Enquirer: 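I'd like to ask you about the structure that follows.
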Amino acid sequence: MGDADTAMGGCDPSFPRTRWTLLRSAADPEAPDYRASIEGLAATYWRPVYAHFRRKWGKTNEDAKDMTQEFFAALCEKDFLDGLSPDQGRFRSYIMAALDNFVRRRHRDDGRLKRGGGAPRLSIECAGIFEPSGGDSPDRAFLRDWARSVLDESLEELEARYQDRGMEKAFRLFRLHDVEPEAGADLSYAALAERLGTTVTDVTNLLYRVRKELREAVLRRVRDTVTSEEEAEEEMRELFGRAPSE
Amino acid sequence: MKTSEKVLDRLAPLLAFDNAPLGLLIDTRYEVKERLARGGMGEVFSAWDTRLGRAVAMKILAPGLSDPEWGARFRMEAQTLTRLDHPGIVPIYDFGVLPDGRLYYTMKFVPGRTLAERIEGGETRDSLVGFLADACDTVQHAHDQNILHRDLKPANIIVDEHGRVFVLDWGIARLLEEFAGGRRGAATGAPGLTSTGTVLGTPEYMPPERASGDAETTDNRSDVFSLGAVLHEVLTGHPPVSPRPAAVPIAASVPPDIEAVCLRALAAEPAFRYPSARALGDDLRRFLRGEPVEARPLPGIERLKRGVRRHRTTVLLLAGAAACVLVAGGWGIRAATRKSDAIRATLEDAARSERQAKVEEALGLLERGRPAIDRAHHYLYGREARYEELVRQVEEGRPLLQRAVELAPTLPLGHYLLGRAWELKGEWGEAESCWRKAIALDPNFGPARYQLGRLLATRSFFANISPVGDPAANAVEAARLASESVAHIEAAVREGSGFHDAVQREVASALLACARGDADSFAAIVAAGIRKFPSADGVEDLYWLSGFALQPRERRAALDRAVEIRPKHFCALVTRAAFRARADELEAAVTDYGEALRINPRLPRIHVFRGDVRFRLGDFDGALADFEEALRLDPRDARSYVCRGNVRCAKGDPGGELADAETALGIDPRCAEAHVARGCARLRQGDAAGAVGDFDRAISFRPGFADAYLNRGIARRKTGDGEGAMKDYDEAIRLKPEYPRAFSVRGAARYARGDTAGALRDYDEAIRLNPRFAEAHADRAAVRRKMGDVKGAIEDLEQALRLAPPGWPHRRAVEDRLRALKRGLEER
């Protein structure tokens with residue numbers, strides 16, 4: 001059963017060197033690679049961090065913005081990552097644990113946390129990020145915000161890609177059927193085929209293809225935050241699988 | 001963010017798993033909708049049968065299992081299902097091949113929740129046991145067809161909305177005759193499915209004979225073991241720890257009968273298990289009907305003794321030997337919110353902006369209220385800290401927190417902070433309810449879990465050291481609290497973010513080890529923690545805890561150190577007081593209780609503790625004041641009335657004693673101590689027959705209550721029933737062999753009957769047990785004199801006068817007797 005074992009998720013020695021593996025192994029936080037990695041990750045994931053400060057720790061808008069900046073700045077300090085325990089394999093779990101410690105440290109230091117010289121500059125535009133979560137726990141809300149962030153970027157990338165290829169129709173179909181179905185519209189494959197002037201087989205094939213590509217786009221981003229292919233699939237399940245309470 | 005929650009909900013099923021054929025139309029018939037489950041062998045999806053217009057479940061062989069062996073196994077599962085025609089087996093509809101070559105079959109779609117989800121969701125024990133009994137019937141049906149399931153676990157049992165139970169996943173089921181002749185896989189013509197030597201199944205639920213690959217002994221009783229493991233999870237929230245030690249109670253909170261059923265199903269040796277799944281199901285139903293089960297329960301007294309013996313030193317722990325925790329509590333339940341309903345969505349949108357404004361405002365209030373709470377906490381490190389000032393500081397923040405909670409009742413942070421405010425004010429009931437609310441809103445909110453767990457651990461400790469009430473009942477209450485405490489602290493440790501610093505984490509681990517009864521790791525954790533953080537904030541908690549881990553002499557030093565670091569360490573003060581009271585250092589104990597009450601006068605129990613010590617000291621006014629205060633704080637506590645009645649009687653007010661006993665019985669007619677108190681009051685008023693009735697009731701409510709026997713004996717003697725009296729004295733001494741008063745009373749009765757030698761033995765024993773027992777000395781003097789030992793009699797009388805408290809009513813008489821004896825000796 002050797003084949004089956006591998007296919008079911010053995011370790012993958014060829015896992016690429018991602019932003020997160022680089023951060024974890026970096027010796028020198030002053031290295032340009034290191035900062036670039038943090039900036040790259042911060043650009044995608046500052047939103048859930050900001051929302052978490054507001055939601056779990058009750059920070060005001062201004063405070064939460066400041067703290068988000070400080071948090072990613074602190075990430076640029078080598079000693080910050082030193083606290084990383086080896087079992088926190090994933091960027092998200094690490095951030096989760098680091099966030100609350102960061103808040104406590106900040107409370108303790110009375111806001112005198114020093115900022116690193118190479119802090120990434122985030123343009124923080126907060127409208128619409130922070131919504132009170134309908135009964136979700138702060139941790140669950142953080143997970144969902146994280147998922148929304150990565151999905152946001154992936155959808156944008158996909159739309160641009162389909163435009164470049166001149167396949168707007170496929171993406172439009174996907175939008176209509178999967179992303180933002182119009183209320184009350186007939187969304188059967190036959191109706192969609194008629195509406196877009198194509199066949200039912202085409203509709204099912206196109207949908208299948210866009211969905212597959214969306215998953216690949218999301219997975220690519222997720223890989224940036226983990227250290228193995230197995231973890232990447234696990235992360236996908238955690239981000240997008242059903243909550244245990246549902 | 002552009003992606004809304006709705007879009008996330010819609011796209012998530014497409015993203016969670018790879019290779020999902022979602023949205024595909026298979027065989028021009030089945031449209032695959034959503035993944036329902038994933039197992040080792042395949043995945044199950046919901047699908048729409050476009051031809052018949054109905055929902056079906058579709059099981060697809062897992063990608064990567066292209067090996068023909070797996071294909072054969074998958075086919076066999078489908079065939080097994082076809083063979084098993086039973087209401088508890090999901091019927092199969094169709095078998096086919098996906099475009100990518102993978103096999104699939106479709107079956108009836110059962111909307112419902114698995115037993116695993118229901119256990120997690122905190123469903124009641126009895127309904128879960130009922131479902132399991134039904135599953136036993138289904139498994140029995142399969143056994144009747146010579147088929148073993150081999151992978152029974154909570155995730156493979158599903159219950160639909162009508163309560164119908166289905167056993168799923170027959171993927172590794174095998175024919176019995178394959179085992180019977182030891183010809184693995186040969187009998188059915190199927191390929192050698194375990195030819196690779198792989199043990200299939202889920203280890204936690206697997207019987208020992210299968211885990212060790214012993215096919216010879218595998219039969220239907222292997223499935224019985226797995227059903228037993230499921231029952232274990234139903235009862236405790238987790239499968240058994242393997243290997244299970246035989247006949248060890250599984251958890252303090254599990255009724256002995258169902259525990260016996262579980263242990264029998266889980267017997268390591270198949271011969272000791274139930275002979276069939278049906279037999280197990282029958283016993284489960286007997287338990288549900290309240291009938292005696294066939295499995296023999298462990299005797300209750302044995303269980304209790306075992307618990308007590310293990311935890312004598314570490315008093316928090318009386319949780320009972322196994323101390324597994326029943327985690328099937330209610331906090332896992334959260335209403336599933338589905339956002340598909342368009343009307344509801346519109347309403348939600350309208351409500352959202354208003355709610356957002358409220359949440360904003362609440363967050364602002366919390367931010368403003370919190371610093372006052374932190375300041376108040378640090379105030380407790382001051383030597384001169386006083387309750388009034390503490391309350392003033394807390395009240396600077398508490399109203400803001402209160403307002404925040406009213407504005408945004410779904411914010412766990414608000415309830416948590418408000419709970420801390422109440423705790424500082426000494427209002428533990430309020431604090432507990434706040435933290436429970438925070439946890440209900442967010443089961444992963446570590447800080448609330450930790451604080452609640454700590455509070456429950458402290459309450460468990462108080463129940464344990466309580467000098468009033470039935471010690472066995474106190475121990476049971478302590479065990480219950482300790483096991484709930486474990487559940488919360490465990491959750492906090494697991495969640496990991498509930499700790500302000502590393503010291504607090506050490507404290508949590510220590511509390512856990514303590515409440516689990518693991519004395520060795522407890523001592524090690526505490527010692528290591530103190531070594532690691534000798535001067536950190538919070539280390540005083542470790543010193544406090546080490547008070548339980550150490551030998552008495554070191555214990556004192558540890559508690560002293562805790563109080564030195566934080567002079568207002570309430571728990572350390574109460575602990576030191578309790579140990580001092582036990583060591584008869586009564587004045588010091590009163591001082592410690594006083595210090596504790598100075599910073600938190602709001603717990604009635606601590607007033608009762610101090611009142612008890614003051615009573616022992618002969619400070620009746622002080623004791624009376626304490627019991628009065630306890631009653632002011634909790635006017636519904638029957639035992640505090642009994643305590644006050646005792647003091648009133650000691651102060652020469654038997655009418656007051658009777659009134660208090662009556663009040664206590666009005667509150668709790670089953671309070672054995674109150675019956676004894678009323679009996680004593682009646683006895684003093686000359687109503688011996690009425691008193692006997694009271695003592696009878698006390699004994700019926702609390703069998704084994706030595707005081708009740710002793711006093712009934714006294715009352716019986718007054719009614720002229722000398723034989724009955726003697727029997728009662730004997731029983732009291734049997735129940736409590738270290739009971740000096742019982743020996744002295746029996747000594748008096750023996751003396752009156754002319755049994756002087758027996759009387760002397762009793763008095764000797766009474767004085768050996770309590771050398772400061774003035775009455776016993778005085779009475780022994782009479783016996784000695786009668787036996788001609790005048791010198792011994794004089795010694796006893798002198799000793800009695802030395803020991804007796806100032807207002808001793810017998811002083812005059814004893815002095816007269818002493819003078820007479822001395823005179824007689826001189827004359828002679």
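Just so we're clear, the structure is a prediction, and the values are computed from it rather than from any experiment. Lettering follows sequence order; numbering is per chain, from 1.
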Enquirer: Would you sort out whether E180(A) and K6(B) count as a side-chain contact (heavy atoms from CB on, under 4.5 Å), showing the intermediate values?
Expert: CA-CA 9 Å; E180(A) 287 152 351; K6(B) 275 183 205 155; over 6 Å; no

Enquirer: Would you mind checking which part of L365(B) comes under 4.5 Å of any heavy atom in chain A, side chain (CB onward), backbone (N, CA, C, O), both or neither?
Expert: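 Neither part, no heavy atoms under 4.5 Å.
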
Enquirer: Which heavy-atom pair separates D178(A) from R10(B) by the least distance, and what is that distance?
Expert: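 Minimum heavy-atom contact is O-CD, 3.2 Å.
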
Enquirer: side-chain contact (heavy atoms from CB on, under 4.5 Å), that's the test. Do V7(B) and R175(A) meet it? Break it down for me.
Expert: CA-CA 10 Å; V7(B) 171; R175(A) 251 194 200 296; over 6 Å; no

Enquirer: Please classify the contact between L151(A) and chain B as side chain, backbone, both or neither, with a heavy-atom cut-off of under 4.5 Å.
Expert: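 When you check distances to chain B, atoms from both the backbone and side chain of L151(A) fall under 4.5 Å.
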
Enquirer: Nearest 0.5 Å, what's the CG-CZ distance between L11(B) and F240(A)?
Expert: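 One gets 8.5 Å once the value is rounded to the nearest 0.5 Å.
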
Enquirer: State, to 0.1 Å, how close L15(B) and M236(A) come at their nearest heavy-atom pair, and which atoms those are.
Expert: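 Looks like O-CE, 3.3 Å.
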
Enquirer: If I measure from the heavy atoms of chain B, does E156(A) come under 4.5 Å with its side chain, its backbone, both, or neither?
Expert: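 It is the side chain, since no backbone atom gets that close.
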
Enquirer: Is it the backbone or the side chain of V218(A) that comes under 4.5 Å from a heavy atom of chain B, or both, or neither?
Expert: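 Only the side chain of V218(A) comes within 4.5 Å of chain B.
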
Enquirer: More than 12 heavy atoms of other residues, nucleotides or ligands under 6.0 Å from CZ of R172(A): is that the case?
Expert: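 Atom CZ in R172(A) is not crowded, with 12 or fewer foreign heavy atoms closer than 6.0 Å.
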
